Amino acid sequence: MKNKLTYLIDDDKLSVKLVSLLLQKNDFCEEIQSFHNPLIALDNFKKKIKADEYLPDVVLLDLNMPVMDGWQFLDEFIDLPLQKEISVFILTSSIDPFDIEMAKNYPLVKSYIMKPITYEKLEAINQLLNR
């Protein structure tokens, strides 16, 4: 099943561009929306929930961002009144064992993926989504 909408939340514009190109090239989803600030992404979620608009199927989330990091985003995200399951994948350059273990505390996080994303890693995401 192809995803309709994927949110990419990462403050690194080059990373967003590269991941977006890989997602498009491999027909991962119909639409990609990127956010360089997790606060804006959260605001977008709240507006869409209130307006009963279509929410993403997948969120690709970086951890190390200014203003709000990925953990802070997840802490607020899990409190949103979502009416559908959204699969979250952490996509980060962090190799810190603490971060890897921390991700296991969030049931909605399907996998912890280290940058750079590759075709093989994208295929692994697809397999997890299509279980």
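Note that the coordinates shown come from a computational prediction; the quantities given were computed from them, not determined experimentally.
- The side-chain heavy atoms of Asp12 and Asp62, taken from C-beta on, include no pair separated by under 4.5 Å.
- The shortest side-chain heavy-atom distance between Leu61 and Leu91 does not fall under the 4.5 Å cut-off.
- Under a hydrophobic-cluster definition in which Ile, Leu, Val, Met, Phe, Trp and Tyr are linked whenever side-chain heavy atoms come within less than 4.5 Å, directly or via other members, Leu82 and Leu60 are assigned to different clusters.
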Could you give me the CA-CA distance, side-chain angles and deciding distance for Tyr112 and Phe89, then say whether ring pair (Phe, Tyr, Trp, His ring centres under 6.0 Å) is met? CA-CA 6 Å; Tyr112 188 99; Phe89 293 87; over 10 Å; no
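- Between Pro56 and Phe45, some side-chain heavy-atom pair lies under the 4.5 Å cut-off.
- At least one side-chain heavy atom of Lys46 sits under 4.5 Å from a side-chain heavy atom of Leu80.
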Less than 3.5 Å apart, which donor and acceptor atoms pair up between the side chains of residues 15-24 and the rest of the protein, not counting sequence neighbours?
{"from": "Ser15", "atom 1": "OG", "to": "Asp10", "atom 2": "OD2", "distance (Å)": "3.2"}
{"from": "Ser15", "atom 1": "OG", "to": "Lys115", "atom 2": "NZ", "distance (Å)": "3.4"}
{"from": "Ser20", "atom 1": "OG", "to": "Val16", "atom 2": "O", "distance (Å)": "2.8"}

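- Leu8 and Met68 fall into different hydrophobic clusters, where Ile, Leu, Val, Met, Phe, Trp and Tyr residues are linked whenever their side-chain heavy atoms come under 4.5 Å apart, directly or through other members.
- At most 12 non-hydrogen atoms from other residues, nucleotides or ligands lie less than 6.0 angstrom from CD of Gln83.
- Every residue two or more places apart in sequence or in another chain that forms a side chain to side chain contact (heavy atoms under 4.5 Å, CB included) with Ala41 is listed here: Ile9, Phe35, Phe73.
- Relative to the six-membered ring of Tyr54, Lys48 misses at least one condition, a distance below 6.0 Å or an angle of at most 45° to the axis.
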Please evaluate residues His36 and Met65 with respect to the criterion side chain to side chain contact (heavy atoms under 4.5 Å, CB included), reporting the C-alpha separation (whole Å), side-chain torsions for both, the decisive distance (0.1 Å), and the verdict. CA-CA 9 Å; His36 300 292; Met65 295 178 281; over 6 Å; no
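- Atom NZ of Lys84 sits in a crowded spot, with more than 12 heavy atoms from other residues, nucleotides or ligands closer than 6.0 Å.
- Rounded to the nearest 0.5 Å, atoms CG (Leu42) and CD (Gln72) are 10.5 Å apart.
- You'll find the side chain of Val58 reaches within 4.5 Å of the side chain of Leu129, heavy atoms only.
- Across Pro116 and Lys121, no two heavy atoms sit closer than the pair O-NZ, 3.0 Å.
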Please test Glu53 against Asn44 for side chain to side chain contact (heavy atoms under 4.5 Å, CB included), starting from the C-alpha separation and ending with a verdict. CA-CA 10 Å; Glu53 293 178 8; Asn44 179 275; over 6 Å; no
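- Side-chain atoms of Leu5 and Gln33, non-hydrogen and from C-beta on, do get closer than 4.5 Å to each other.
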Lys110 vs Val88, test: side chain to side chain contact (heavy atoms under 4.5 Å, CB included). Steps then yes/no. CA-CA 6 Å; Lys110 302 296 183 207; Val88 176; over 6 Å; no
Evaluate Ile117 against Ile125 for side chain to side chain contact (heavy atoms under 4.5 Å, CB included), listing each step before the verdict. CA-CA 10 Å; Ile117 192 165; Ile125 291 172; 4.1 Å; yes
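- Using a 4.5 Å heavy-atom threshold, the side chains of Val67 and Pro38 count as separate.
- To the nearest 0.5 Å, atoms CG (Asp57) and CG (Asn3) are separated by 5.0 Å.
- A continuous path of hydrophobic side-chain contacts links Leu128 to Ile113 [ILVMFWY only; heavy atoms under 4.5 Å].
- When all heavy atoms of Leu74 and Leu108 are compared, the closest pair comes out as CD2-CD1, 3.9 Å.
- The side-chain heavy atoms of Tyr7 and Ile32, taken from C-beta on, include no pair separated by under 4.5 Å.
- The hydrophobic clustering, which links ILVMFWY residues whose side-chain heavy atoms are closer than 4.5 Å, places Phe98 and Ile90 together.
- Following chains of ILVMFWY side-chain contacts shorter than 4.5 Å, one can reach Ile86 starting from Val109, so the two form part of one hydrophobic cluster.
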